[in-house]
Amino acid sequence: MPAAPRKLRTVAVDPYRTPHQQESRPMPDPTELPGPAATVGRIRDRLARLPGITGIALGGSRARGVARPDSDLDIGLYYDPAARPGFGLVLAAAADLDDRGTPAGHGSYGAWGPWINGGVWLTVDGIKTDILLRDHDRVETVVREASEGRITVDYQPGHPHGFVSTIYAGEVRHNVVLYDPKGRLAALRALVDPYPAVLLDAVRARFGWEAGFSLDNAAFPARRGDLTQVTGLLYRTVACMNQVVFAYNGRLVLNEKGALAEAAALPRTPDRYRERVEAALTGLSPEPRVLRAAVDGLREVHDELSSWTGPR
């Protein structure tokens, strides 16, 4: 029998604020930068010299305060699509920063698909660093859609569940702004901070439904012993449940990687969330009995999550 739902954490709703742009905003003082401050400051200062840059932000685990000593640096480089820097200039800036003077890899605008729309891999002060390009106009469109409860999911290599459009909203809300000369990133953050109740409703409806649908579709192949199909459907179930747990805690998923552990550490989760999910997935095999038990284990977690209620 599912455990009694915990008390709902209130999600504050803010009317959509009209964005206003300031003429200039000073960059954060180096002493206020997240660690490693000297490295982050040097990256920011070099990239800010590129033409057409509208903002720079630190993302990933370092922005969320959960980094390990060997964690990468993820740098979001926002540009005006009408005045973007030539990609050669971006590469030159990366070469200036790279320890060897030669970045490990790169993709020009649009080379990695419509969502991960280019970037550079390099090493700065011994730290693996990813510079990720972001078309500011597209980000603004997607964040406004998220603030209205509109979500899309697209195929994207490296994202097993798919690229959920609200990742863009999560980046502007949760990342650490390093450079925002006209206040454009701050204006976007105001659209999704506090977390809009309409977005919680949309996440719960879309991903709560998909989690249950994936479980329903896993039942028959589990009886057949179809390990590959069941594994994929169970992964989708967990990815969708993570979206719902994040939303109930007023947060947005930035990356599928590590999302279960991060969700389990949030204030409101299903009872023993990570433990039960990992128990269901551990030891999967083509044995129908094992697969049926995994489906049943995740269904119990899903049923508990489905029993939660919130603002509509």
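Side chains included, hydrogens not; waters and symmetry mates left out as well; all remaining heavy atoms used. Position 1 is the first residue of the sequence; numbering continues from there.
Listed for the Asp303 side chain is no donor-acceptor partner under 3.5 Å among the backbone atoms of Ser307. Looking at Gln156, its side chain does come within 3.5 Å of a backbone N or O of Trp112 through a donor-acceptor pair. Although no hydrogens or angles enter the test, the distance criterion places a donor-acceptor pair under 3.5 Å between the side chain of Arg206 and the main chain of Ile151. A donor-acceptor contact shorter than 3.5 Å is absent between the side chain of His174 and the backbone of Arg251. Checking side-chain atoms of Arg276 against main-chain N and O of Asp271 turns up a donor-acceptor pair under 3.5 Å.
Under the 4.5 Å side-chain criterion, counting only non-hydrogen atoms from C-beta, Val164 is in contact with Phe207. Side-chain atoms of Val139 and Val142, non-hydrogen and from C-beta on, never get closer than 4.5 Å to each other. The side-chain heavy atoms of Val230 and Leu284, taken from C-beta on, include no pair separated by under 4.5 Å. You'll find the side chain of Asn255 reaches within 4.5 Å of the side chain of Lys257, heavy atoms only. Counting only heavy atoms from C-beta outward, the side chains of Pro36 and Ile127 approach each other to under 4.5 Å. Using a 4.5 Å cut-off on side-chain heavy atoms (C-beta onward), Asp193 and Val172 make no contact. Contact of the His159 side chain with the Ile116 side chain is registered, since non-hydrogen atoms from C-beta on lie closer than 4.5 Å. The closest side-chain heavy-atom distance from Trp115 to Arg138 is below 4.5 Å.
A salt bridge links Arg204 to Asp201: at least one charged side-chain nitrogen sits closer than 4.0 Å to a carboxylate oxygen.
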Indicate every side-chain donor-acceptor pair of residues 233-241 with a distance under 3.5 Å to a residue at least two apart or in another chain.
residue: Tyr235; atom: OH; partner: Glu256; partner atom: OE1; Å: 2.5
residue: Arg236; atom: NE; partner: Glu210; partner atom: OE2; Å: 3.0
residue: Arg236; atom: NH2; partner: Glu210; partner atom: OE2; Å: 2.9
residue: Thr237; atom: OG1; partner: Leu233; partner atom: O; Å: 3.0

Just distance, no hydrogens or angles: give the donor-acceptor pairs under 3.5 Å from side chains in residues 86-105, sequence neighbours left out.
residue: Asp96; atom: OD2; partner: Arg46; partner atom: NE; Å: 2.9
residue: Asp96; atom: OD2; partner: Arg46; partner atom: NH2; Å: 3.0
residue: Asp98; atom: OD1; partner: Thr123; partner atom: N; Å: 2.8
residue: Asp98; atom: OD2; partner: Arg100; partner atom: N; Å: 2.9
residue: Asp98; atom: OD2; partner: Gly101; partner atom: N; Å: 3.1
residue: Asp98; atom: OD2; partner: Thr102; partner atom: N; Å: 3.2
residue: Asp99; atom: OD1; partner: Asp125; partner atom: N; Å: 2.8
residue: Asp99; atom: OD2; partner: Asp125; partner atom: N; Å: 3.4
residue: Asp99; atom: OD2; partner: Gly126; partner atom: N; Å: 2.7

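Between the side chains of Tyr168 and Asp135, no donor-acceptor pair of N or O atoms lies under 3.5 Å.
In the hydrophobic clustering of this structure, Val290 does not group with Val301; members are Ile, Leu, Val, Met, Phe, Trp, Tyr whose side-chain heavy atoms approach within less than 4.5 Å, directly or through other members.
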Using side-chain contact (heavy atoms from CB on, under 4.5 Å), reason through Arg274 and Thr269 one step at a time and then give a plain yes or no. CA-CA 9 Å; Arg274 180 177 180 178; Thr269 68; over 6 Å; no
CA sep, side-chain torsions, deciding dist, call: Ile56, Arg134, side-chain contact (heavy atoms from CB on, under 4.5 Å): CA-CA 10 Å; Ile56 302 171; Arg134 290 286 184 262; over 6 Å; no
Verdict with reasoning, Tyr195 to Arg173, per side-chain contact (heavy atoms from CB on, under 4.5 Å): CA-CA 9 Å; Tyr195 192 104; Arg173 182 172 181 208; 3.6 Å; yes
side-chain contact (heavy atoms from CB on, under 4.5 Å), that's the test. Do Leu191 and Arg144 meet it? Break it down for me. CA-CA 7 Å; Leu191 294 173; Arg144 288 186 180 280; 3.6 Å; yes
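One distance of note links CG of Leu122 with CD1 of Ile131; it measures 5.0 Å at 0.5 Å rounding. The distance from the CD1 atom of Ile75 to the CG atom of Leu73 is 5.5 Å, given to the nearest 0.5 Å. Here Leu305 contributes atom CG and His302 contributes atom NE2; the two are 7.0 Å apart, rounded to the nearest 0.5 Å. Remark: Arg62 CZ to Thr39 OG1 distance equals 8.5 Å, nearest 0.5 Å. To the nearest 0.5 Å, atoms CG (Leu132) and CG (Leu77) are separated by 9.0 Å. Atom CG of Asp70 is separated from atom NZ of Lys128 by 8.5 Å, given to the nearest 0.5 angstrom.
Listed here is the closest heavy atom pair of Val124 and Arg42: CG1-NH2, 3.4 Å. Closest heavy-atom contact between Ala259 and Phe246: O-CE1, 3.6 Å. Taking every heavy atom of both residues into account, Asn242 and Ala263 meet most closely at OD1-CB, 4.0 Å. Residues Val295 and Leu215 come closest through the heavy atom pair O-CD2, 3.9 Å. Shown here for Gly170 and Leu254, the closest heavy-atom pair between the two residues is C-CD2, 3.1 Å. Leu133 approaches Gly107 most closely through the heavy-atom pair CD1-O, 4.5 Å.
Taking Asn117 as the reference, Tyr79 meet the side-chain hydrogen bond (donor to acceptor under 3.5 Å, both in side chains) condition, with sequence neighbours excluded. For Ala57, the side-chain contact (heavy atoms from CB on, under 4.5 Å) partners at least two apart in sequence or on another chain are Tyr78, Asn175. For Arg224, the side-chain hydrogen bond (donor to acceptor under 3.5 Å, both in side chains) partners at least two apart in sequence or on another chain are Asp226.
Counting heavy-atom neighbours within 6.0 Å of Trp121 CH2, excluding the residue itself, gives a total of 12 or less.
Here salt bridge (Lys or Arg N to Asp or Glu O under 4.0 Å) pairs that include residues 74-88, with residues two or more places apart or in two chains, number zero.
By the 30° and 60° cut-offs, the orientation of the rings of Tyr248 relative to Trp308 is perpendicular.
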